[in-house]
Amino acid sequence: MNKIFALVDCNSFYVSCERVFNPAVNQKPVVVLSNNDGCVISRSNEAKRIGIGMGAPIFKCRDLVKAHDVQVFSANFVLYGDMSNRVMAVLSGFTPNLEIYSIDEAFLSLQGFEHLGLEDYAREIRKVVKRQTGIPVSIGVAPTKTLAKVANHYAKDHPETNGVFTLMREEEIEIILSQTAVGEVWGIGKEKAIFLERNGMKTASELRNAPDEWIKKHLTIVTLRTVWELRGISCLSMEEVQPNKKAIATTRTFGYEVSRLVEMEEAVLAYVSRSAVKLRRQKLLAGHIQVYVETNPFKDTPYYRNSAGTIISPSTAYSPHLIEAAKRLLKRIYREGLRYKSCGVILTNLCPQTNEQDYLFEEKYQGSARHRLMEVMDSYNRQTNGGKILIAAEGLGKPWFMKQAHRSKRFTTRWDELLEVRI
DNA sequence: TCTGGGGTCCTAGGACCC
DNA sequence: TCTGGGGTCCTAGGACCC
């Protein structure tokens, strides 16, 4: 039986979240910035139209911002995460088969809904999501995930589609792909696009008709899968159960450059703590920890980046053990006399707490006093909305903490930040 | 002055083993 | 003097995604 995928993608998701709670900016150009108020990571159509690029550093857009009264927001990921959950909850009512692909995208299997009319059904989904969450979405429907992505882009770029485009018929697929630049295809990034164009393939249709042998020889098996998907042969299936995580990372650029080991240590250890909280929330243990530091790559000053890692044995989710390891690693890579711009902590070799192996000489984490201590700390911090009990090594001042000058309120997750309506 | 963060997967190359 | 080949495992780095 032929498969049918719908890709639902929230339009300018972060901007749309801000607009739900701040309708005054509905018709205006709006952008949301990355952490540290660095780059533009979400743009309204109005902002796109006046030429603000995706990922553009905001300081380079200052003139445009001023000239067009662009509304600027700092990222508010607590709010976006909560809005995302609401959208996904609505979507789950429309299919038994939902794959949450990212914070603002989901694949729905529409197999078995043909009798309702795929186009009509997609329009209904779009209408209900908008009504129940305030978030506008675009929907692409096609026989493979990769084609559903293409259909989704088409819906976004063509207002006459009203946000829904179905791409099921072969003749139509061929026409649309011949109008699609090869670099717009899901899985074809900058490098591959340049390579393909150099070899005479400028459109998705040309890639689709390339010989398998040639693709296998010059590119990877992953790209071959993409080519098959463009031909309508489904190679990527629905992944409804979230696969276990392979890595948990906390990385940040600083609000200002750090040039003292003590401060660097505080930052690294604070990120270890954050990572460890994420680790425990997902009931995992880490078997490896990696720390990296980096100076500002955009400056003329000497560039330095280095990382070091070590195996954690036995695997653990106990913050003090991870902190100890991270401290040693940092000492190995820290060079005096440099001005550091960012650092990060990455936990890997993750395994579920329930699969913890037995040790001859060590106590298991599961059920130990350390385990209970972490649970008490986490649950207290959760109830009090974050960070009241922390490991002393993290430091209290956090002067390097990121800049966030324009953050909106966390309307949906904090009682003290509820939306106020004045009449 | 001011340039994000968190992931996955693949490949190449080195260490090591027999 | 002559100096293989196959396999595994690990790490670093790159490409890609949102």
Side-chain angles (χ1 to χ4, degrees), chain A residues 7-14 31-43 52-63 65 72-77 80-81 84 99-107 145-146 149 152-153 183-196 216 218-226 236 239 242-257 271 274-275 278-279 282 287-288 290 292 294-299 303 305-311 333 339 341-350 402-406:
Chain A
L7 173 64
V8 178
D9 189 320
C10 303
N11 299 345
S12 311
F13 181 54
Y14 301 161
V31 298
V32 173
L33 305 183
S34 63
N35 275 336
N36 247 328
D37 291 347
C39 302
V40 173
I41 54 171
S42 183
R43 306 164 294 160
I52 295 181
M54 186 61 178
I58 190 66
F59 72 88
K60 286 190 179 170
C61 310
R62 212 183 312 122
D63 292 344
V65 168
V72 177
F73 292 87
S74 302
N76 186 346
F77 291 112
Y80 310 152
S84 174
E99 176 187 339
I100 298 171
Y101 177 71
S102 74
I103 192 165
D104 71 333
E105 277 173 76
F107 288 102
K145 282 184 168 179
T146 305
K149 277 268 186 185
N152 189 289
H153 283 174
E184 281 178 37
V185 174
W186 192 37
I188 305 298
K190 221 165 124 197
E191 300 287 315
K192 280 181 187 160
I194 291 170
F195 178 78
L196 290 168
K216 250 194 271 185
H218 294 101
L219 295 153
T220 62
I221 187 79
V222 182
T223 310
L224 187 60
R225 242 179 344 237
T226 299
L236 306 169
E239 294 183 21
Q242 293 260 315
N244 277 335
K245 276 226 171 113
K246 305 249 162 78
I248 288 177
T250 306
T251 67
R252 291 278 181 290
T253 44
F254 304 131
Y256 73 99
E257 291 174 343
Y271 300 167
R274 283 187 68 116
S275 297
K278 294 187 210 171
L279 187 71
Q282 296 171 61
H288 189 271
Q290 190 186 354
Y292 80 82
E294 187 180 27
T295 60
N296 193 336
F298 298 103
K299 273 193 167 173
Y303 176 65
R305 183 190 200 281
N306 206 353
S307 69
T310 183
I311 288 172
I333 54 175
R339 302 165 69 79
K341 188 59 183 170
S342 71
C343 72
V345 171
I346 302 152
L347 304 177
T348 50
N349 287 10
L350 307 180
M402 65 187 174
K403 288 180 245 172
Q404 273 206 317
H406 316 281

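Lettering follows sequence order; numbering is per chain, from 1.
At least one side-chain heavy atom of R274(A) sits under 4.5 Å from a side-chain heavy atom of R252(A). L236(A) is listed as a side-chain neighbour of R225(A), based on a closest heavy-atom distance under 4.5 Å.
T146(A) and T226(A) share no side-chain donor-acceptor pair at under 3.5 Å.
With hydrogens and angles disregarded, no donor-acceptor distance shorter than 3.5 Å links the side chain of D104(A) to the backbone of F13(A). Between the side chain of D9(A) and the backbone N or O of N152(A), no donor-acceptor pair lies under 3.5 Å. Put simply, the side chain of K245(A) never gets that close to the backbone of L279(A): no donor and acceptor are under 3.5 Å apart. In terms of modelled atom types and a separation under 3.5 Å, the side chain of S342(A) and the main chain of T253(A) share no donor-acceptor contact. K341(A) contributes a side-chain N or O that, together with a main-chain N or O of F254(A), makes up a donor-acceptor pair within less than 3.5 Å.
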Assign a letter to each nucleotide of nucleotides 12-18 of chain C from its 5' end: B, base within under 4.0 Å of a protein heavy atom; S, sugar-phosphate only; -, no contact. ---SSSS
Each base of DNA chain B marked ( ) or [ ] if paired in-strand (Watson-Crick or G-U under 3.5 Å), | if paired to another strand and . if unpaired gives ....||||||||||||||
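If C39(A) and L219(A) are placed on DNA chain B by their nearest nucleotide, the residue sitting closer to the 5' end is C39(A). Remark on DNA chain B: of its neighbouring residues I221(A) and I41(A), the 5'-side contact belongs to I41(A), judged by nearest-heavy-atom nucleotide.
Going from atom CG of N296(A) over to atom P of dG4(B) covers 9 Å, rounded to whole Å. Atom CD1 of I346(A) and atom P of dG5(B) are 12 Å apart (whole Å). Here dG5(B) presents its P atom at 20 Å from CZ of F13(A), a figure rounded to the nearest Å. If you take CG of N36(A) and C1' of dG5(B), they are 11 Å apart, rounded to a whole angstrom. Per the geometry, CD belonging to E239(A) stands 17 Å off P belonging to dG7(B), to the nearest Å. Whole-Å rounding puts the F73(A) CZ to dG4(B) C1' distance at 19 Å. Straight-line distance from the NZ atom of K299(A) to the C1' atom of dT1(B): 9 Å, rounded to whole Å. Here dT8(B) presents its P atom at 16 Å from CZ of R225(A), a figure rounded to the nearest Å.
Using a 4.0 Å cut-off between a side-chain N of Lys or Arg and a carboxylate O of Asp or Glu, E105(A) and K149(A) qualify as a salt bridge.
Note on R62(A): a base of the nucleic acid sits closer than 4.0 angstrom, heavy atoms only.
Summarising the geometry of C343(A) relative to Y271(A), their closest heavy-atom pair is SG-CE1, 3.4 Å, with the distance given to 0.1 Å.
Residue K341(A) places none of its side-chain N or O atoms closer than 4.0 Å to OP1 or OP2 of dC2(B). Taking only side-chain nitrogens and oxygens, T220(A) never comes nearer than 4.0 Å to OP1 or OP2 of dC10(B). Regarding contacts with the backbone of dC9(B), a side-chain N or O of K246(A) is found under 4.0 angstrom from either OP1 or OP2.
Listed in residue order, the members of residues 52-60 of chain A having a heavy atom less than 4.0 Å from DNA chain C come to none.
The side chain of H288(A) has dT11(C) as its nearest neighbour among dC9(B), dC2(B), dT11(C). Candidate nucleotides dC2(B), dG6(B), dT3(B) were compared by shortest atom distance to the side chain of A249(A), and dG6(B) ranks first.
Of the listed residues (I52(A), V32(A), V72(A)), just one forms a side-chain contact (heavy atoms from CB on, under 4.5 Å) with V40(A), and that residue is I52(A).
Taking the six-membered ring where tryptophan is involved, the planes of W186(A) and Y101(A) are perpendicular, since the angle between them exceeds 60° and thus also 30°.
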